[in-house]
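These notes concern the structure reproduced below.
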Protein chains: 2
Amino acid sequence: MNAPTPAPRMTRQRREILDALDTRDFRSAQSWHERLRAEGSTIGLATVYRGLQALADQGEVDAVVSESGETLYRRCEAGEEHHHHLRCRSCGKAVEIDVPEFEDFAHRIGDAHGYGDIRHTIELTGVCPECAAAGRG
Amino acid sequence: MNAPTPAPRMTRQRREILDALDTRDFRSAQSWHERLRAEGSTIGLATVYRGLQALADQGEVDAVVSESGETLYRRCEAGEEHHHHLRCRSCGKAVEIDVPEFEDFAHRIGDAHGYGDIRHTIELTGVCPECAAAGRG
DNA sequence: CGTCTTATCGCTAATGATTCTCAATTGCAC
DNA sequence: GTGCAATTGAGAATCATTAGCGATAAGACG
């Protein structure tokens with residue numbers, strides 16, 4: 001009954017994704033793909049999708065769904081427990097924020113209504129100083 | 001130069017959508033469409049999409065984007081200012097919740113980082129009592 | 001009530017994002 | 001090295017949503 005760890009191989013493309021992700025911005029899989037190709041990589045789009053998903057499962061990257069329905073990714077900070085973001089709607093730059101007490105709050109609300117297995121999402125979006133200055137957003 | 005109010009017509013299908021929406025569940029446009037057809041309506045899918053969007057713009061319905069990227073709709077309560085939900089991941093049933101102080105919190109965080117035009121999303125999801133009892137979820 | 005204008009319909013084709021298929025590669029254990 | 005399953009890349013397939021368009025009918029007017 002012990003699932004032998006699925007054996008993740010460290011391939012060139014896996015490494016490329018990890019490297020590219022080393023920033024502070026939220027971008028779509030397509031956007032990361034473009035960037036990689038622009039840097040000379042020959043990585044395929046499907047591979048980027050697969051890689052990002054795998055990384056998200058491992059907790060190596062954060063994934064959020066934008067208003068328009070696309071999934072955005074970025075590498076997350078070190079240790080990583082549960083956390084939230086303040087993201088720029090124009091350039092994707094994000095900072096992690098702390099919402100103390102919210103975990104508790106969420107569970108209390110859940111209990112109050114009899115809902116179990118509570119999960120929550122908090123997303124703050126805005127326009128960062130740079131984008132505001134540049135007249136974007 | 002004055003846009004005369006676009007003249008919204010009350011059609012049979014508009015009425016059908018409004019009637020169908022008279023529940024407490026969050027469902028996708030496709031799901032509402034199915035339901036309408038099941039009840040004998042001959043309304044088209046595109047019409048349901050158009051109708052729901054229009055209603056969302058008017059503030060008559062709430063729209064949220066699920067984890068999987070689909071947009072879910074439900075009629076919202078009367079007056080309607082900004083509010084949040086605790087939604088069942090299995091059946092879509094939702095209750096409105098109050099998150100006092102959060103509006104302020106959001107703006108304070110935004111200011112602290114120099115981000116403007118702050119917008120926020122809070123979604124709590126869980127499994128409602130009925131679904132839990134039925135073993136779904 | 002009949003006519004006219006045009007918003008709205010419903011169908012179908014088009015988009016856009018994401019996933020799947022599958023033959024060709026290639027980590028990596030032996 | 002060898003062998004084989006995990007992984008890749010390109011394109012087809014899928015899904016949700018939107019756009020295009022001829023047909024229909026809401027609502028204003030006489």
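We use all heavy atoms of the structure for the numbers below, so side chains are in, but hydrogens, waters and symmetry mates are not. Here is how names work: the chains are called A, B, and so on, in the same order as the sequence lines, proteins then strands, and each is numbered from 1.
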How long is the line joining NE2 of H33(A) and P of dT19(C), in whole Å? 15 Å
Pairwise side-chain contact, L52(A) with W32(A), heavy-atom cut-off 4.5 Å (strictly under): yes
Nearest-angstrom distance from the residue atom CZ of R14(A) to P of dT26(C): 16 Å
Q13(B) vs dG10(C): side-chain N/O to OP1/OP2 distance below 4.0 Å: yes
Are any of the side-chain nitrogens in R24(B) or E96(B) under 4.0 Å away from the carboxylate oxygens of its partner? no
Roughly, in whole Å, what's the span from CH2 in W32(A) to P in dT18(C)? 14 Å
Ring pair (Phe, Tyr, Trp, His ring centres under 6.0 Å) partners for H113(A), two or more places apart: none
Please enumerate all residues that pass ring pair (Phe, Tyr, Trp, His ring centres under 6.0 Å) together with Y49(B), with sequence neighbours excluded. none
Is it the case that the side chains of E16(B) and S41(B) hold a donor-acceptor pair, with the cut-off being a distance below 3.5 Å and no angle test? yes
Listed partners of R50(B) passing salt bridge (Lys or Arg N to Asp or Glu O under 4.0 Å), at least two apart: none
By salt bridge (Lys or Arg N to Asp or Glu O under 4.0 Å), which residues pair with R89(A), not counting sequence neighbours? D117(B)
How would nucleotides 22-30 of chain D be written as a contact map, 5' to 3', with B for base contact, S for sugar-phosphate-only contact and - for no contact, using protein heavy atoms under 4.0 Å? ----BS---
Carboxylate-amine/guanidinium proximity below 4.0 Å for R119(A) and E123(B): no
Please list, chain by chain and in numerical order, all residues satisfying salt bridge (Lys or Arg N to Asp or Glu O under 4.0 Å) with R75(B), sequence neighbours excluded. none
Let me test you: for the helix from dC1(C)-dG30(D) to dC30(C)-dG1(D), what is the angle between the axes at its two ends (five pairs each), rounded to 10 degrees? 30°
Check: V48(B) and I43(B) side chains under 4.5 Å, non-hydrogen atoms: yes
Contacts of R35(B) meeting salt bridge (Lys or Arg N to Asp or Glu O under 4.0 Å) (sequence neighbours excluded), chain-then-number -> none
In 5'-to-3' order, the base (B), backbone-only (S) or no-contact (-) status of each nucleotide in nucleotides 10-20 of chain D, using a 4.0 angstrom heavy-atom cut-off, is B-----BBBBB
Keeping to residues at least two apart or across chains, list the ring-ring contact (aromatic ring centres under 6.0 Å, His included) pairs with something in residues 116-137 of chain B. H82(B)-H120(B), H84(B)-H120(B), F102(B)-H120(B)
Could you work out, with ring pair (Phe, Tyr, Trp, His ring centres under 6.0 Å) as the rule, every residue matching H85(A), not counting sequence neighbours? F26(A), H83(A)
Please enumerate all protein N or O atoms sitting under 3.5 Å from an N or O of nucleotides 1-3 of chain C, with distances to 0.1 Å.
none

